[in-house]
Amino acid sequence: MSNRTLQATPKGIELAKRALERKHLTQKALAVELLIAAWSTINGFFTGKAISRSIFMDICDTLELDWQEIVGLKTESDTITSAVSDESIANLISETISTTSYNLPPSDELFAATERSAARARAALNPYILPPIPRETLLSKCLKEIRAGTLENKRRIVPILGAAGYGKSTILGSIYDKLHAEQTQSDSGWLALARCDDLIESAETFALELGEKISGKRQSIVEVARQLTTQQNRGILLIDTLDIVLTKPLVTVLRGILSQLLEIGTTVAFTCRDTDYSNFFEPYHESFAGFRESVSDNCKITPFTTEEVRTAAQEFIKTQPGFNTLASQQSFANQIIALSADSVSLQEIVCHPLLLALLCDLFAAEETVPEDLTVSQLYEKYWDWKIAKVRHNLQSEHLSLAKQKLCLKLARLMYENSGDRLRDFVYEGDLELSETEFSAYNSLKSDGIFKDLGGKRAGFFHQTFLEYTVARWMNTSETGERSKNQLKYDLIAAKIADSRYYIWSIFRQLLTLLSLPEFNQISDELDTTKILPFRAVTFASVSRTEPESSAVLLSLLAIALIRDYSFQETLLAAARGAPQRHRDTVLELAVQLLGRVGPELINKAAETAAELLARVPAAGPANLELPGEISQFDRALAAIANRQSQITENNRQPQITENKRQ
């Protein structure tokens with residue numbers, strides 16, 4: 001046991017377990033509901049492992065126990081146990097007596113406060129629905145970059161990037177666990193963790209607010225890091241979901257903060273959506289001026305592999321009734337894998353950790369997955385099951401309606417209070433709820449749709465679901481209708497500020513919910529020569545349920561061919577992930593692109609065309625081409641041949657010209 005840790009004796013563990021029963025708590029409740037620390041730390045306490053002093057004392061305080069008795073310094077009669085030698089008592093006292101806040105020197109107070117805030121933040125990083133799935137390759141890559149800052153004394157900023165719902169927070173939780181264990185063992189350095197869900201002020205006060213969240217005192221994060229480094233040696237600052245608070249003014253502020261932290265010797269790692277990272281920080285040489293070489297931005301969170309999908313599905317189903325045997329758990333996972341193998345849109349869902357969690361939650365209950373399920377349909381289905389609960393009469397119609405109306409009301413409040421970033425919380429004290437709404441609110445929290453964020457604030461379980469709910473509010477309510485019309489006008493007139501680019505995520509969801517005539521009308525009116533509206537219309541067109549909605553892609557093709565790489569790549573990505581109902585349109589699109597894209601996209605175009613051709617049913621009596629018709633396969637070959645002839649002609653042209661000169 002080091003001077004940073006405490007360890008319960010067997011007698012202390014027994015006393016703690018009795019206290020749990022007396023207070024009607026469980027170990028899981030200490031981690032998940034009370035957010036005292038991560039589950040692994042709570043479990044370590046109850047299995048006699050050495051854990052952080054401050055967390056040890058928090059657990060004891062929660063259970064109304066005397067921590068000195070739990071570590072064996074006191075007997076139940078408040079006397080020193082005779083089983084402990086005088087020398088052992090002296091050592092234990094010297095290690096632990098300073099952990100009480102009123103006796104701690106300032107240096108230990110700051111360190112203890114940092115550990116407590118980090119432990120609480122860590123407890124909130126566990127994934128939604130699915131249990132944590134080990135991703136050792138990704139974890140090792142991130143840890144290697146971070147350790148270069150602490151073990152090799154290099155200046156290091158480590159962005160951990162990935163799409164929304166890819167498990168960035170989960171990875172950061174695993175990183176924290178590994179680093180915390182290493183620092184506890186080495187008894188050197190410091191580790192701080194903050195969630196940007198808890199940061200709500202302006203860019204100008206960001207450094208102060210971050211420092212306060214970590215230390216409990218209103219002081220700059222730079223000053224906190226300087227004090228900790230003086231006392232404990234070089235340390236690590238972990239920041240979760242930086243994208244939630246990112247604005248252009250904050251980028252300038254961050255540059256100054258990061259520069260100062262590097263000078264102190266602090267290593268910084270933060271999670272961020274990859275699109276937000278590029279949208280806000282490019283050009284990187286300006287955003288990270290003076291330390292660009294210290295920013296290691298190759299830690300990218302990838303989709304789940306097939307084996308990770310299998311593991312996640314099996315681990316999830318273990319927790320569900322009726323799946324007690326290994327055979328039943330493997331069968332469930334195999335069904336998920338088999339279904340996704342036959343559906344490209346399902347493949348995209350199951351490889352996405354958050355969406356896989358939603359799919360498992362629904363599939364376990366209904367034991368069926370709709371063919372060609374898209375992300376938008378998945379959220380709609382999740383809404384029907386978890387909020388409306390229209391199946392199996394699981395709740396009264398009165399409560400169902402109240403939950404739906406309350407979700408829309410909460411989404412409206414967040415949207416209307418948004419500025420340069422999407423507001424993702426409400427203050428519970430500001431909610432004036434009727435008795436029915438209060439019941440609905442508690443039900444939403446019980447089902448995990450809404451969650452506590454700390455500071456008397458609450459929000460939806462994930463930002464992507466908030467975006468869907470805002471879009472649903474716009475399309476299903478009178479107040480939302482007015483906002484929708486204003487939003488359409490602003491987007492068509494190009495009056496949306498670049499800083500509010502989050503609007504496009506909401507608008508893309510909205511485009512999948514509108515009637516087909518309204519979708520077609522807006523698609524015609526938007527300026528799709530610009531990439532954001534182009535992408536929104538493209539991906540919404542293949543997410544809709546009507547086969548004819550993808551017809552808009554052929555008109556977008558003309559724009560893509562005269563624009564740059566990103567427009568053509570967007571069309572290929574949409575074609576590759578389109579459900580089978582859009583097969584004919586996207587295959588036509590892919591064949592045309594195959595003959596006309598530049599060399600940088602030809603491989604992707606060929607792969608996309610090949611995949612789409614492989615999905616065409618084998619020729620039979622019902623599939624035979626009419627006389628004179630050319631098959632899509634023959635057209636694809638013709639497109640490739642035409643490219644080859646063009647290349648040959650282009651290669652010969654300079655020689656012909658030279659011969660003429662001669």
(request) Could you tell me whether His352 and Phe304 have their ring centroids closer than 6.0 angstrom? (result) no
(request) Taking the side chain as every heavy atom from C-beta outward, state whether Leu444 and Cys407 have any atom pair closer than 4.5 Å. (result) yes
(request) Using a cut-off of 6.0 Å, state whether more than 12 heavy atoms not belonging to Lys445 lie near its atom NZ. (result) yes
(message) If the test is ring-ring contact (aromatic ring centres under 6.0 Å, His included), which one of Phe46, Phe45, Trp67 qualifies with Phe56?
(response) Phe45
(request) Before giving the answer on side chain to side chain contact (heavy atoms under 4.5 Å, CB included), spell out for Ser483 and Trp473 the whole-Å C-alpha distance, their side-chain angles and the decisive distance to 0.1 Å. (result) CA-CA 9 Å; Ser483 291; Trp473 161 69; 3.2 Å; yes
(message) Can you classify the ring geometry of Phe281 versus Tyr277 as parallel (below 30°), tilted (30 to 60°) or perpendicular (above 60°)?
(response) tilted
(request) Heavy atoms only: give me the nearest Thr241-Ser169 pair and the separation to one decimal. (result) CG2-OG, 3.9 Å
(request) Measure from NZ or CZ of Arg535 to the centre of the six-membered ring of Trp504 and say whether it is under 6.0 Å with the direction within 45° of the ring axis. (result) no
(request) Indicate the atoms forming the closest heavy-atom contact of Val552 with Ser523, along with that distance. (result) CG2-CB, 4.2 Å
(message) To check you understand the geometry: which heavy-atom pair defines the closest contact between Thr41 and Ile51, and what is its length?
(response) O-CG2, 3.8 Å
(request) Report yes or no: does Lys451 contribute a side-chain atom to a donor-acceptor pair with the main-chain N or O of Gly459 at less than 3.5 Å? (result) no
(message) Would you compute the distance between atom CD of Glu209 and atom OG of Ser220 and round it to the nearest 0.5 angstrom?
(response) 12.5 Å
(message) On a heavy-atom basis, which atom in Ala119 and which in Ile55 lie closest, and how many Å separate them?
(response) CB-CD1, 3.2 Å
(request) Determine yes or no for a side-chain-to-main-chain donor-acceptor pair under 3.5 angstrom, with Thr247 supplying the side chain and Leu250 the backbone. (result) yes
(message) Any non-hydrogen side-chain atom of Glu380 less than 4.5 Å from a side-chain atom of Thr512?
(response) no
(request) Answer yes when Glu64 and Lys23 have at least one side-chain N-carboxylate O distance shorter than 4.0 Å, and no when they do not. (result) yes
(request) Mark yes or no for whether Ser543, through its side chain, and Phe539, through its backbone, hold a donor-acceptor pair below 3.5 Å. (result) yes
(request) Go through Asp243 and Thr275 one step at a time and tell me if the side chain to side chain contact (heavy atoms under 4.5 Å, CB included) criterion holds. (result) CA-CA 9 Å; Asp243 50 274; Thr275 52; over 6 Å; no
(message) Minimum heavy-atom separation for Thr374 and Pro579, please, with both atom names.
(response) CG2-CG, 3.4 Å
(request) Measure from the side-chain N and O atoms of Gln219 to the backbone N and O of Val224, and report whether any donor-acceptor pair falls under 3.5 Å. (result) no
(request) For the pair Arg544 (side chain) and Leu511 (backbone), establish whether a donor and an acceptor sit closer than 3.5 Å, ignoring hydrogens and angles. (result) yes
(message) Is it the case that the side chain of Thr271 and the backbone of Asp240 share a donor-acceptor pair, with hydrogens and angles ignored and the cut-off at 3.5 Å?
(response) no
(request) Could you please spell out the steps behind the side chain to side chain contact (heavy atoms under 4.5 Å, CB included) verdict for Glu428 and Tyr441? (result) CA-CA 10 Å; Glu428 292 186 303; Tyr441 186 70; 2.5 Å; yes
(request) Can you sort out the partners of Phe519 under ring-ring contact (aromatic ring centres under 6.0 Å, His included), two or more places apart, ordered by chain and number? (result) none
(message) Between Glu437 and Lys409, does any side-chain N to carboxylate O distance fall below 4.0 Å?
(response) yes
(request) Using the ring of Tyr176 (Phe, Tyr or Trp, six-membered ring only), decide whether Arg122 places NZ or CZ under 6.0 Å from its centre and within 45 degrees of its axis. (result) no
(request) Kindly compute the distance separating CD1 (Ile317) from CD (Gln329), expressed to the nearest 0.5 Å. (result) 8.0 Å
(message) Please report the interatomic distance CD1(Ile160) to CD1(Ile171), rounded to the nearest 0.5 Å.
(response) 8.0 Å
(message) Looking at Lys405, I want to see if its NZ is surrounded by more than 12 non-hydrogen atoms of other residues, nucleotides or ligands under 6.0 Å.
(response) no
(request) Using only heavy-atom distances, determine whether the side chains of Tyr502 and Gln463 contain a donor-acceptor pair under 3.5 Å. (result) no
(message) Testing the basics here: between Leu373 and Ile349, what is the closest heavy-atom pair and its distance to 0.1 Å?
(response) O-CD1, 3.6 Å
(message) Please check: side-chain N/O of Ser443 versus main-chain N/O of Ser439, any donor-acceptor pairing under 3.5 Å?
(response) no
(message) Any non-hydrogen side-chain atom of Phe316 less than 4.5 Å from a side-chain atom of Leu356?
(response) no
(message) For Thr469 and Trp383, which I'm curious about, is there any donor-acceptor pair between the side chains at under 3.5 Å?
(response) no
(message) Please check this pair: side chain of Ser418 against backbone of Met414, looking for a donor-acceptor N/O pair closer than 3.5 Å.
(response) yes
(message) Between Phe507 and Pro533, is there a side-chain heavy-atom distance shorter than 4.5 Å?
(response) no
(message) Run the side chain to side chain contact (heavy atoms under 4.5 Å, CB included) test on Arg482 and Gln486 for me, step by step, so that the C-alpha distance in whole Å, both residues' side-chain angles and the decisive distance to 0.1 Å come before the verdict.
(response) CA-CA 6 Å; Arg482 291 194 293 270; Gln486 183 63 50; over 6 Å; no
(message) Can you tell me how the ring of Phe450 sits relative to the ring of Phe460, calling it parallel under 30°, perpendicular over 60° and tilted otherwise?
(response) perpendicular
(request) Fit a plane to each ring of Phe461 and Tyr382, take the angle between them on a 0 to 90° scale, and name the class: parallel (under 30°), tilted (30 to 60°) or perpendicular (over 60°). (result) perpendicular
(request) Evaluate salt bridge (Lys or Arg N to Asp or Glu O under 4.0 Å) for Glu481 paired with Lys484, printing each intermediate quantity in order. (result) CA-CA 5 Å; Glu481 183 80 14; Lys484 177 180 73 172; 3.4 Å; yes
(request) Using a 4.5 Å cut-off on heavy atoms from C-beta on, say whether the side chain of Ile506 contacts that of Leu422. (result) yes
(request) Look only at the side chain of Ser541 and the backbone of Ser550, and say whether a donor-acceptor pair between them is shorter than 3.5 Å. (result) no
(request) Look up atom OG1 in Thr528 and atom CG in Leu526, then write down how far apart they are to the nearest 0.5 Å. (result) 7.0 Å
(message) So Tyr166 and Arg273, do their side chains get closer than 4.5 Å, heavy atoms only?
(response) no
(message) Side chains of Tyr379 and Arg472, heavy atoms from C-beta outward: is any pair under 4.5 Å?
(response) no
(message) I'd like to know if the side chain of Asn417 and the backbone of Leu413 have a donor-acceptor N/O pair within less than 3.5 Å.
(response) yes
(request) Mind checking the CD-CG spacing from Gln521 to Asp524? Nearest 0.5 Å is all I need. (result) 8.0 Å
(request) First locate atom NZ of Lys168, then atom CD1 of Ile175, and finally report the distance between them rounded to the nearest 0.5 Å. (result) 12.5 Å
(message) Check this for me, if you would: do Arg18 and Glu21 make a salt bridge, where the nitrogen-to-carboxylate-oxygen distance has to be below 4.0 angstrom?
(response) no
(request) Using a 4.5 Å cut-off on heavy atoms from C-beta on, say whether the side chain of Leu510 contacts that of Glu518. (result) no
